[in-house]
Amino acid sequence: MSDSTKEQIEFLVKLQTIETETNTIKSLIDRLPEKIEAWDTELNAFEKGIEEAQALSEEQSKDYREQEREVQENLARIQKSQAKLHAVKTNKEYQALLKEVDDIGLMNSNIEDGMLAYLETADAAEQSIAMKTEQLETLTFEIENEKESLLQETDEQKSKLAELEASREALSRSILPEWLERFNFLRGKDPKGVAIVPVVDAVCSGCNVNLPPQMHNELQRFDSMRLCPNCQRIVYWQE
């Protein structure tokens with residue numbers, strides 16, 4: 001283990017790089033379930049839309065068959081009423097039967113208009129369902145490929161994470177305990193986990209605040225650990 005301040009700074013900078021990369025990988029891995037859930041939600045919504053369209057089409061087809069049955073029943077009633085016309089004895093009965101035939105005929109005409117309207121839209125509805133079903137198959141294929149690729153990438157990132165953890169453990173053994181303790185303390189306090197930053201043109205790159213001239217000069221001597229007066233991060237002079 002070296003007591004050289006400059007070397008200790010170099011170790012901490014390397015450790016910060018490892019920690020930053022580790023946090024990035026962990027963040028990617030943590031977002032995996034969220035991405036998969038979003039894909040599954042998209043697929044479920046698409047499937048639900050198709051199911052609702054199919055249910056509506058089936059209901060309309062059922063109504064159409066019911067209307068067909070009703071038309072046939074009405075035609076039978078018309079034939080029955082027309083047969084009675086030859087047997088009526090009074091004009092009043094005859095007119096009543098004629099009105100009944102006309103009313104049933106008008107009823108059938110209205111029903112048949114509705115049936116024609118259904119037939120005009122049924123083909124379009126079936127084509128739309130077929131198209132959406134094909135789109136669902138394509139979307140499912142694409143999402144499954146995305147999942148497989150993401151899971152493979154995640155496995156690679158986990159391997160990389162294990163390598164980084166091993167490097168961090170090895171590097172930590174080269175850092176003075178008090179320096180490592182300060183580094184871990186500062187990293188734990190910072191939302192982004194940044195404990196050490198360079199000073200560029202007498203400015204702390206962590207908080208963008210100018211350092212006192214004397215401190216900037218002292219940093220170039222690498223004789224001790226220095227903290228930014230503003231953000232309290234470890235600072236070092238970047239050659």
Side-chain angles (χ1 to χ4, degrees), residues 1-42 142-239:
M1 181 182 296
S2 172
D3 291 336
S4 165
T5 298
K6 187 173 183 179
E7 194 168 15
Q8 288 294 305
I9 289 290
E10 290 173 351
F11 290 154
L12 288 181
V13 171
K14 290 179 181 178
L15 186 58
Q16 181 66 71
T17 300
I18 290 173
E19 294 291 358
T20 300
E21 191 171 352
T22 296
N23 289 341
T24 299
I25 292 175
K26 286 182 176 179
S27 178
L28 290 173
I29 293 174
D30 290 342
R31 287 201 298 269
L32 175 62
E34 182 180 343
K35 282 189 175 182
I36 291 178
E37 183 180 357
W39 283 329
D40 289 341
T41 299
E42 183 180 1
E142 291 174 351
I143 287 180
E144 288 303 320
N145 282 343
E146 288 283 353
K147 282 184 181 179
E148 184 177 349
S149 176
L150 186 60
L151 289 171
Q152 182 178 349
E153 181 184 351
T154 301
D155 288 339
E156 293 172 358
Q157 294 292 349
K158 286 180 179 179
S159 297
K160 178 65 175 176
L161 191 60
E163 294 174 5
L164 288 170
E165 290 174 350
S167 298
R168 176 175 54 198
E169 185 177 347
L171 186 59
S172 296
R173 290 194 290 268
S174 301
I175 301 174
L176 292 170
E178 60 270 25
W179 283 64
L180 184 60
E181 182 178 357
R182 169 61 66 173
F183 174 86
N184 288 331
F185 172 74
L186 293 172
R187 193 171 62 84
K189 287 180 60 178
D190 187 74
K192 296 182 179 179
V194 178
I196 182 168
V197 293
V199 172
V200 181
D201 295 331
V203 175
C204 170
S205 61
C207 63
N208 297 318
V209 169
N210 286 308
L211 299 181
Q214 181 181 352
M215 183 177 181
H216 183 244
N217 293 332
E218 291 171 347
L219 283 172
Q220 299 178 45
R221 296 202 296 264
F222 289 98
D223 56 0
S224 64
M225 180 190 294
R226 305 283 178 174
L227 303 181
C228 172
N230 182 61
C231 67
Q232 299 301 308
R233 293 184 178 94
I234 302 171
V235 290
Y236 65 94
W237 181 62
Q238 184 168 279
E239 298 180 83

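Predicted, not measured: the structure shown is a model, and the values here were computed from it.
Inter-residue side-chain proximity for Leu15 and Phe183 is flagged as met; some heavy-atom pair is nearer than 4.5 Å. Val235 places a side-chain heavy atom less than 4.5 Å from the side chain of Met215.
When every heavy atom of Phe222 is checked against every heavy atom of Trp237, the shortest pair comes out as CZ-O, 3.5 Å. The two residues Gln8 and Leu176 make their nearest non-hydrogen contact at OE1-N, 2.8 Å.
Rounding to the nearest 0.5 angstrom, the gap separating the OG atom in Ser167 from the NZ atom in Lys14 is 10.5 Å. Distance CZ/Phe11 to OG/Ser4: 8.5 Å, rounded to 0.5 Å. Separation of atoms CD (Glu19) and CD (Glu21) is listed at 11.0 Å; rounding is to 0.5 Å. Atom CZ of Arg187 is separated from atom CG of Leu180 by 9.5 Å, given to the nearest 0.5 angstrom. Rounding to the nearest 0.5 Å places CG of Leu186 at 11.0 Å from SG of Cys228. Put simply, CD on Gln214 and CG on Asn217 are 8.0 Å apart, with the number rounded to the nearest 0.5 Å.
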Check: residues 28-42 side-chain donor-acceptor pairs under 3.5 Å, at least two apart:
{"from": "Arg31", "atom 1": "NH1", "to": "Ser27", "atom 2": "OG", "distance (Å)": "2.8"}
{"from": "Asp40", "atom 1": "OD1", "to": "Lys147", "atom 2": "NZ", "distance (Å)": "2.6"}
{"from": "Thr41", "atom 1": "OG1", "to": "Glu37", "atom 2": "O", "distance (Å)": "2.8"}

List, one per line, each side-chain donor-acceptor pair under 3.5 Å for residues 152-162, sequence neighbours excluded.
{"from": "Thr154", "atom 1": "OG1", "to": "Leu150", "atom 2": "O", "distance (Å)": "2.7"}
{"from": "Ser159", "atom 1": "OG", "to": "Asp155", "atom 2": "O", "distance (Å)": "3.2"}

Side-chain donor-acceptor pairs under 3.5 Å in residues 190-197, sequence neighbours left out?
{"from": "Asp190", "atom 1": "OD1", "to": "Arg233", "atom 2": "NH2", "distance (Å)": "2.6"}
{"from": "Asp190", "atom 1": "OD2", "to": "Lys192", "atom 2": "N", "distance (Å)": "3.0"}
{"from": "Asp190", "atom 1": "OD2", "to": "Gly193", "atom 2": "N", "distance (Å)": "3.1"}
{"from": "Asp190", "atom 1": "OD2", "to": "Val194", "atom 2": "N", "distance (Å)": "3.0"}

Determine all donor-acceptor pairs shorter than 3.5 Å in which one atom belongs to a side chain in residues 201-209; sequence neighbours excluded.
{"from": "Ser205", "atom 1": "OG", "to": "Pro198", "atom 2": "O", "distance (Å)": "2.7"}

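Listed by chain and number, the residues in a salt bridge (Lys or Arg N to Asp or Glu O under 4.0 Å) with Arg226 are Glu218, Asp223 (sequence neighbours excluded). Residues satisfying the salt bridge (Lys or Arg N to Asp or Glu O under 4.0 Å) test with Glu169, not counting sequence neighbours, are Arg173. A search for side chain to side chain donor-acceptor pair (under 3.5 Å) contacts involving Lys189 returns nothing, not counting sequence neighbours.
Atom CD of Glu181 sits in a sparse spot, with 12 or fewer heavy atoms from other residues, nucleotides or ligands closer than 6.0 Å.
Judged by distance alone, with hydrogens and angles left aside, the side-chain atoms of Gln220 form no donor-acceptor pair with the main-chain N or O of Tyr236 at under 3.5 Å. Formation of a donor-acceptor pair under 3.5 Å by the Thr24 side chain with backbone atoms of Thr20 is found in this model.
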Query raised in the report: Is there a side-chain contact (heavy atoms from CB on, under 4.5 Å) between Met225 and Thr5 once you walk through the steps?
Result: CA-CA 7 Å; Met225 180 190 294; Thr5 298; over 6 Å; no
